[in-house]
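Here the structure is laid out as structure tokens; the discussion comes afterwards.
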There are 2 protein chains.
Amino acid sequence: MRADALKNRARILEAARVEVELGGTECSLDNVAKRAGVGPGTLYRHFPTREDLISELLLTWVSDVEADADATATDRWDDVLDWLMRLVERARLYRGLASTMAATESDEDSPLRAAHAAVVEANGRVFDRAFHAGVVVAPVDSGEVIRLVTGVAMSAEQAKLDPAQVRSMLSIVLHGLTPPHAHS
Amino acid sequence: MRADALKNRARILEAARVEVELGGTECSLDNVAKRAGVGPGTLYRHFPTREDLISELLLTWVSDVEADADATATDRWDDVLDWLMRLVERARLYRGLASTMAATESDEDSPLRAAHAAVVEANGRVFDRAFHAGVVVAPVDSGEVIRLVTGVAMSAEQAKLDPAQVRSMLSIVLHGLTPPHAHS
DNA sequence: ACCTGAACACCGTTCAAGT
DNA sequence: ACCTGAACACCGTTCAAGT
């Protein structure tokens, strides 16, 4: 890659980071190009689709989620709830991210597939540990948990819920993952 | 209202019904006007905002939900689950509806507020009956249930989930609304 | 090889001109 | 009183022309 191309790519990514933070994943790509000081064609050359751009932005985001997952305690039920809370908070960093991630599941060749899969696997590791620690009483389908968490995140974003309301919803979901019959 | 105005209003609503069915609640208003055979200004005169138009479309939708709520059995746990399933299926009739409804909660003077409140109340009646029938073991906050159901609906829409997957998610939520400690 | 920016199609919204 | 449609600003996307 030529030197100016490399520089432009970096400028576009930095501009996108700012614009996505301000306007969410559905922000204007025109504004991204303007902020980066490049023509719209240059943006399209580097990132043919919006998802190509977003997936690049999510690389560090996914790393953060994975690091969190592998560092989190799973001794108490509340530990798992805290993990889910942090997951939703992270999803809310960028408006529209939860929705974009959810849509990934129905788009076989989305550039975000790897990011989605990484989150499902990280969450799966947390729940596996919680299961073996006896905190969660049955193995769970991590993909389904992520679907539920994504739903909570989208609901929270649209309704502008505060953390306490989000926590309450996640608590209900987590209770639901521990079916009553397992307690008898 | 003048006769031609009344006719145009009806034509716009019928056109909107078709366009929203095809393209969801975020469909092009230009296309609605074109389909109705009126100028864009006429649409804006009758419905100043997109939500004004949608809320009008939802009048019969809300009636259906209310009628369903008041006719539904609440004798068995599965009855309540079926009710939630039908609610999600109804939300999915129009793409974007769940999201629009969720956003209503953070918009104090949205024209959709009445529709949202009616759904919360209808759901509340179902859960009240289920509670008194001993099917649900604790009173629930219907607003919170609707937030969860809306989240499931958004997740289902984005990820294009099939009914079995939706039912499984709703089952988890409904289990979560019946906390294990209530079973001891 | 890469960039630019004009060009096109589309959309939401407003408003002067009509009837 | 209501309607029309031109006009404006904005956006995504493409591509011929440049370097």
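The chains referred to below are lettered A, B, ... by the order of the sequence lines, with proteins before strands, and numbering in each begins at 1. Just so you know, these numbers come straight off a predicted model, no measurement behind them. The basis for the numbers below is simple: all heavy atoms, side chains too, and nothing from hydrogens, waters or symmetry mates.
- The nearest whole Å value for the distance from the NZ atom in B:Lys34 to the P atom in D:dT4 is 14 Å.
- Judged purely by atom type and a 3.5 angstrom limit, B:Ser155 uses its side chain to pair as donor or acceptor with the backbone of A:Arg147.
- Residues B:Leu13 and B:Phe47 are in side-chain contact: their nearest non-hydrogen atoms beyond the backbone lie under 4.5 Å apart.
- Among the protein residues, B:Asp30 comes within range of the nucleic acid bases, having at least one heavy atom under 4.0 Å from a base atom.
- Between A:Ala156 and A:Val166, the shortest heavy-atom contact is CB-CG2, 3.7 Å.
- Closest heavy-atom contact between B:Glu51 and B:Pro111: OE1-CD, 3.4 Å.
- Atom CD1 in A:Ile12 sits roughly 13 Å away from atom C1' in C:dT4 (whole-Å rounding).
- Distance CG (A:Leu43) to C1' (C:dT4): 13 Å, rounded to an integer number of Å.
- Counting to the nearest Å, the P atom of C:dC15 and the CZ atom of B:Arg45 are 13 Å from each other.
- Pairing partner, C:dA1: D:dT19, with both Watson-Crick or wobble hydrogen-bond distances short of 3.5 Å.
- When rounded to the nearest whole Å, the span between CG of A:Leu53 and C1' of D:dT13 equals 15 Å.
- Of all the heavy atoms in A:Val32 and A:Ile12, the pair that sits closest is CG1-O, 4.0 Å.
- Close to C:dC10, at under 4.0 Å from its OP1 or OP2, lies no side-chain N or O of B:Ser28.
- When each of A:Cys27 and B:Asn8 is assigned the nucleotide of DNA chain D bearing its nearest heavy atom, the one mapping closer to the 5' terminus is B:Asn8.
- Across every strand in view, C:dA6 sits in a pair with D:dT14 that passes the Watson-Crick or G-U test at under 3.5 angstrom.
- Rounded to an integer number of Å, the gap from B:Arg2 CZ to D:dC2 C1' is 4 Å.
- One interatomic measurement links the two molecules: OH of B:Tyr44 to P of C:dT14, which rounds to 7 Å at whole-angstrom precision.
- Both A:Pro40 and B:Gly39 lie near DNA chain D, and the one whose nearest nucleotide falls closer to the 5' end is B:Gly39.
- Here B:Thr42 lies in heavy-atom contact (under 4.0 Å) with a base.
- Residue B:Phe47 contributes atom CZ, which lies 11 Å from atom P of D:dC3 at whole-angstrom precision.
- In this model, the phosphate group of D:dC2 is not approached by any side-chain N or O of B:His46 to a distance below 4.0 Å at OP1 or OP2.
- Comparing B:Asn31 and A:Asp4 by the nucleotide of DNA chain C that holds the closest heavy atom to each, the one mapping nearer the 5' end is A:Asp4.
- Among D:dC3, D:dT14, C:dC2, the nucleotide with an atom closest to any side-chain atom of A:Ala5 is C:dC2.
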